[in-house]
Amino acid sequence: MGAKTAKLKSLVKDGIGFLKEHWNKPLEGESLSIKEFASYCFGTMGICGFTFICGETIVFAQGYFAGSIMGISLMDFSIISIIALVVRYLTLYMEPLAMTVFENLGHINKNTARKCIIAYCSTIAIGIALYFVPSAPFEKVIKGLPQIVANILVISGASNLVNWFLRKKLCRKFGRYKPFMMLYGIPIAIISSIIPFVPASMEYTSKLVLLHALFTLRGRFTALYSDNPQAIVAVITPNTVERQKIYSIGGIFLGFLRSIFRILFPVMIIVTGGYLDVRSYQVFVPVLSFMSIALGMAFINVKERVIETYEDKPKVDFRKSAKALLSNKYFWITNASSIFAGWTGFADGVLNYFLIYNMRLEWVSGFLSIIGVTSVVGNLLTPLLVKKFEKRTILLSLRGIWLGVTACYLLAIAANSLALLMLCIFVRSAISAACNGLNMSFNADILDYHQWKTGERADNMSTMFGWFTAPFQTVFGIVIPLLLKYVGFTSDWDVLFDSAIFTDVIRIYVFVTMGALVLATLPFFFYDLTRAKHDQCVEELKRRIYGNGAEPAMAVAGAGEGEAAAAEIPATEQSVEDAAVEASADETAADATVTEVTDDEK
């Protein structure tokens, strides 16, 4: 007993010593200290609290609020998606400008600046004019069509102007992502708190246009706020193993507050009438929003680091960058997968539907949200797997298991077994968390590879692939409401109390999810960017900027302005592949852990 106590004391003492030593000092080969990693974890916890508010509670899509309470037709959501896609292609002239602004941190030449002002202001002007166009002639398509288009144009033009101004003033000093992650939580909270007070009794056209405007405006803020905790990891550290640690262990914190909200919200709203009473959203959404903002402020200690230097003149040309992006097969692989990846979680709502419409136990759904904690298992397991296996192998294996587990949802529903359904979702939660972490790590590695190959970062330019994938996603999104309509489910959610319709709806949810899993996984059979190859690319990037002498760990955002840019001519791809194969062989022979190697050690 005494020996065990002494051992425990020794472990505690060593742990405290390790914490003190590395609180402000990173481990060898890594970029983040414990203090900064903790700031990332707790900051993203707060930021991603909004993913519950904006993605699961106050959502402009089929669901309790917009569908059941506000009475918006399921088909109208699909029609608005088509309208948004058409408007996006008609205003495609703005996207290259926005990408150029992003990649150059807002510092663009006079000619490009003039193009931006003309494009953004003319878009706003056209949008304002459309507000005065009568909507009656277009009601066979959708009510309020001109005003819906006006919402998109005015908000797009204005938000691009605001983002440009903020990038120019803040990004060179604080980084590409961080300024927006510190600022944009406030407008998101305000808009989310206003939306539930839109009167459900308002005339349908006015209500649809107003809700669309509010959700579209909020979406412009969330795109640079709650969507960025993963994107910023690519510029926090170049170490692929450390990145996976951030994605996976940080992912535990990332979803923690969201999981707490999932548990608390259904219990809290008992006093206000449950999911189908608008008071639940009017009272508790502002409370959850305030909690999210307060915790998100911990992100202030996180620093962006990127292997590049800043010049006074812009160095990113859109045409050249676009051509280079389109020749990168890895971007095609991940974006082809992304067409269907958004639907791999489509069956997640099955548990709530089962409790509310089959078992009549709405209040239990909050307690069963504890299922989400199994994602911790996936997040903890992923960094260990990445050290042993290639990411591609891990993803393919996990997706196969995920497919089988999703099929078991039907068995659970048929057997009316809550326990079996919970078990399936427990396993699915762990697997999907691991797959999400891997997907984010794939994107970060590809950005490094692209910078090695072209000499340019492409954090925002890579979004141009959305021009090609968006039509497929939109069509896929239209098919689902048509399938639901075929079995009798449109805008009246009470039909789910009918057991026959309920069963048909569940089958659609499950089969769509299974199909999406297969289609989202197939492209990764062609992915061959190995860990060894990626590490060689990163080492080459460092040598281009820092030479073969003493090498700083990384360039921090705001440092080195006016320095010479990195050389844009890379070593041949074959030479890196050969070096990667050689490094991989050496690693296997030595059974070594992947770490960054200094020039002296080489």
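We count residues from 1, following the sequence as given.
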Stepwise side chain to side chain contact (heavy atoms under 4.5 Å, CB included) check, E30 with T237:
CA-CA 7 Å; E30 296 189 355; T237 173; 6.0 Å; no
Verify side chain to side chain contact (heavy atoms under 4.5 Å, CB included) between V518 and F340, making sure each step is shown before the conclusion.
CA-CA 9 Å; V518 172; F340 307 101; over 6 Å; no
Carefully, step by step, assess N328 and Y449 under the rule side chain to side chain donor-acceptor pair (under 3.5 Å).
CA-CA 9 Å; N328 188 327; Y449 167 81; 5.5 Å; no
CA sep, side-chain torsions, deciding dist, call: F65, Y275, ring-ring contact (aromatic ring centres under 6.0 Å, His included)
CA-CA 8 Å; F65 178 76; Y275 281 105; over 10 Å; no
Derivation of the side chain to side chain contact (heavy atoms under 4.5 Å, CB included) call for D528 and Y330:
CA-CA 8 Å; D528 60 359; Y330 300 118; 2.4 Å; yes
Stepwise side chain to side chain contact (heavy atoms under 4.5 Å, CB included) check, F524 with F442:
CA-CA 10 Å; F524 280 98; F442 281 129; 3.6 Å; yes
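Separating the CD1 atom in I80 from the CE atom in M75 is a distance of 12.0 Å, to the nearest 0.5 Å. Considering SG of C48 and CG of L257, their distance stands at 9.0 Å, rounded to 0.5 Å. For the atom pair OG1 of T44 and CD1 of I232, the computed distance is 10.0 Å after rounding to the nearest 0.5 Å. One distance of note links CD1 of I83 with CD1 of I152; it measures 7.0 Å at 0.5 Å rounding. To the nearest 0.5 Å, atom CZ of residue R220 and atom OG of residue S156 are 4.5 Å apart. Put simply, OH on Y527 and NZ on K329 are 10.0 Å apart, with the number rounded to the nearest 0.5 Å.
The shortest non-hydrogen separation linking C54 to T222 is SG-CG2, 4.0 Å. Y177 approaches E304 most closely through the heavy-atom pair N-OE2, 2.7 Å. Pairing each heavy atom of T344 with each of A520, the nearest pair is CG2-CB, 4.3 Å. Heavy-atom minimum distance, I236 versus S31: O-CB, 3.8 Å. Contact record, G185 with F50: O-CZ, 3.8 Å, taken as the closest heavy-atom pair. A pairwise comparison of heavy atoms in L411 and L420 identifies C-CD2, 4.3 Å as the closest pair.
We find that D445 and R531 are not joined by a salt bridge, their nearest charged nitrogen and carboxylate oxygen being 4.0 Å or further apart. Using a 4.0 Å cut-off between charged side-chain N and carboxylate O, D448 and K453 make no salt bridge.
Side-chain contact annotation: N163 with Y184, donor-acceptor N/O pair under 3.5 Å present. Under the 3.5 Å distance criterion, with hydrogens and angles disregarded, no donor-acceptor pair is assigned to the side chains of T530 and E390. Checking R218 against S192 by side-chain atom types alone, a donor-acceptor pair falls below 3.5 Å.
Checking side-chain atoms of T100 against main-chain N and O of P96 turns up a donor-acceptor pair under 3.5 Å. Side-chain N or O atoms of R428 include none that pairs as donor or acceptor with a backbone N or O of T406 at under 3.5 Å. Using modelled atom types, one side-chain atom of S81 and one backbone atom of F77 make a donor-acceptor pair closer than 3.5 Å. At least one donor-acceptor pair under 3.5 Å links the side chain of S338 to the backbone N or O of N335. With hydrogens and angles disregarded, no donor-acceptor distance shorter than 3.5 Å links the side chain of S337 to the backbone of I333.
Side-chain contact between F525 and L522 is present, with at least one heavy-atom pair separated by less than 4.5 Å. Side-chain contact between Y486 and L482 is absent, with no heavy-atom pair separated by less than 4.5 Å. Here the side chains of I58 and F215 are in contact, with some heavy-atom distance below 4.5 Å. Y409 has its side chain out of reach of I506: every pair of non-hydrogen atoms, C-beta onward, lies at least 4.5 Å apart. Looking only at side-chain heavy atoms (C-beta outward), T334 and N439 stay at 4.5 Å or farther from each other. Considering only heavy atoms from C-beta on, L410 comes within 4.5 Å of F511 through its side chain. You'll find the side chain of I339 stays beyond 4.5 Å of the side chain of L519, heavy atoms only.
When ring centroids are compared, F180 and Y225 stay outside the 6.0 Å threshold.
Under a cut-off of 6.0 angstrom, the local environment of CZ in F389 is sparse, with at most 12 non-hydrogen atoms contributed by other residues, nucleotides or ligands.
Between H450 and F331, the ring planes are perpendicular. Angles over 60° get that label, and only those under 30° would be called parallel.
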